[in-house]
Amino acid sequence: MTTTHAAYDQHAAWYEDFVTGNPYTQLVSALLTELLGTGTGLAVELGCGTGIHADTVRATGRTPIGFDISAGQLGFAAGRLPVARADVAAIPLPDASVSTVIAVLIHTDVPDYPAALREAARILKPGGRFVHIGVHPCFTGAFSDRSDPARVIITSELYGHTGVSFESWSPNGVRARVGARHLPIADLINATLAAGLTLTTTAERGQGPLPDLFGIAATRS
Ligand SMILES: C[S@@+](CC[C@H](N)C(=O)[O-])C[C@H]1O[C@@H](n2cnc3c(N)ncnc32)[C@H](O)[C@@H]1O
């Protein structure tokens, strides 16, 4: 465990306000809808936070359930979907038991995202769908200054830093409050493949022409 979950416990009310009605959340929801497509059965959200994506998942035909390490976050999520407190690296569900797993905006929070990907693959039924959505690993991180919508300025000596950093061009986001990690895009894709997931689609989205979200849809082999 890391201090990450404790930080969200302290900031859960702020996070709930931050994501509710935020155009960024709408962008994430639209991408989630697209990458999920329609489906049935249980959809597990790893690191569900305050459960803001529950209705989006329901609208695809699935039944969402959520797991998160932060009791504070789960206090809000419980009003939106069935939840339980668990580490994403140890989800209390049997092997091959669910048809969908999603991981939205968590790869910069969890200490070992490859372990979370392996856990997603473990609980997925063969042919089940996995969707990852996260901040774009090339254009968003402690290494990037996005204060000018027309350009992203990358600081080369910060790019290789994968540990928790509070460095941010914006004082208003998650990074400045709870810190965030960096997983380079090749490591993210390679870890997804190594978990036994087969990529079907990748996607880039942004509020402007420069993407700030990167998404992956994959199936359990
Ligand atoms: C940025 S929030 C994203 C929440 C939600 N998925 C969303 O899109 O709004 C990251 C979440 O990951 C959770 N988290 C961090 N490390 C975790 C871990 N090891 N196991 C489970 N959840 C974790 C945090 O508590 C937090 O709720």
Side-chain angles (χ1 to χ4, degrees), residues 1-33 35-36 43-58 64-81 83-93 100-120 122-123 130-137 140-142 162-166 168 170 172-183 191 205 212-216:
M1 303 275 167
T2 69
T3 54
T4 304
H5 61 280
Y8 275 94
D9 280 347
Q10 289 164 19
H11 295 289
W14 168 82
Y15 190 79
E16 169 69 1
D17 269 2
F18 182 66
V19 294
T20 304
N22 189 327
Y24 189 70
T25 303
Q26 288 160 19
L27 194 69
V28 171
S29 295
L31 183 55
L32 183 58
T33 301
L35 292 177
L36 276 174
V44 167
E45 181 171 6
L46 303 178
C48 64
T50 57
I52 195 74
H53 308 301
D55 282 347
T56 301
V57 171
R58 262 186 213 106
I65 60 172
F67 296 93
D68 201 285
I69 201 77
S70 164
Q73 296 277 74
L74 291 175
F76 289 94
R80 294 184 168 120
L81 74 168
V83 293
R85 185 166 181 267
D87 192 310
V88 291
I91 295 298
L93 289 175
T100 305
V101 176
I102 68 172
V104 182
L105 297 172
I106 68 163
H107 82 278
T108 44
D109 288 283
V110 303
D112 184 356
Y113 195 58
L117 292 168
R118 289 193 294 275
E119 194 64 349
R122 183 188 68 76
I123 63 174
F130 172 71
V131 169
H132 159 100
I133 295 176
V135 297
H136 200 301
T140 304
T162 54
V164 176
S165 171
F166 289 78
S168 178
S170 167
N172 301 321
V174 166
R175 184 177 307 277
R177 283 188 175 247
V178 300
R181 299 164 194 277
H182 169 51
L183 190 60
R205 293 291 182 278
D212 48 22
L213 290 174
F214 180 69
I216 296 171

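Quick caveat: nothing in here was measured; it's all calculated off a predicted structure. In listed order, ligands and their atoms are each counted from 1. These values consider heavy atoms only, across backbone and side chains, with no hydrogens, waters or symmetry-generated copies.
- Heavy-atom contacts of H53 reach the following atoms of ligand 1: 7 (C), 8 (O), 9 (O) (cutoff under 4.0 Å).
- The CZ atom of F214 sits 12.5 Å away from atom OG1 of T140, with the distance rounded to the nearest 0.5 Å.
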Evaluate D68 against R85 for side-chain contact (heavy atoms from CB on, under 4.5 Å), listing each step before the verdict.
CA-CA 5 Å; D68 201 285; R85 185 166 181 267; over 6 Å; no
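- Which of V135, D68, V174 comes nearest to atom 13 (C) of ligand 1 through a heavy atom is settled by distance: it is D68.
- Side-chain atoms of R80 come within 3.5 Å of backbone N or O of T50 as a donor-acceptor pair.
- Atoms NE2 and SG, on H53 and C48 in that order, are 9.5 Å from each other to the nearest 0.5 Å.
- Looking at heavy atoms from C-beta onward, V83 lies out of side-chain contact with F76 at the 4.5 angstrom threshold.
- The six-membered or imidazole ring of Y113 lies near that of H132, with a centre-to-centre distance under 6.0 Å.
- Remark: ligand 1 atoms within the under-4.0 Å shell around heavy atoms of A86 are 20 (N), 21 (C).
- Scanning for ring-ring contact (aromatic ring centres under 6.0 Å, His included) contacts around F18 gives W14, with sequence neighbours left out.
- For ligand 1, the polar-atom distance check against L46 finds no nitrogen or oxygen pair separated by under 3.5 Å.
- Close contacts of ligand 1 with Q73, meaning ligand atoms under 4.0 Å from a residue heavy atom, involve 26 (C), 27 (O).
- Put simply, part of Y15 is less than 4.0 Å from ligand 1, judged by heavy atoms.
- Counting heavy atoms under 4.0 Å from ligand 1, residue I52 touches it through the side chain alone.
- If you number the atoms of ligand 1 from 1 as listed, the ones under 4.0 Å from a heavy atom of G47 come out as 4 (C), 5 (C), 6 (N), 22 (N).
- Atom CG of L105 and atom CD1 of I52 lie 11.5 Å apart (nearest 0.5 Å).
- Taking each of V28, D109, L32 in turn, the one with a heavy atom nearest to atom 15 (C) of ligand 1 proves to be D109.
- For the pair V88 and ligand 1, the shortest N or O to N or O distance falls below 3.5 Å.
- Using a 4.0 Å cut-off between heavy atoms, C48 contacts ligand 1 through its backbone alone, with no side-chain atom that close.
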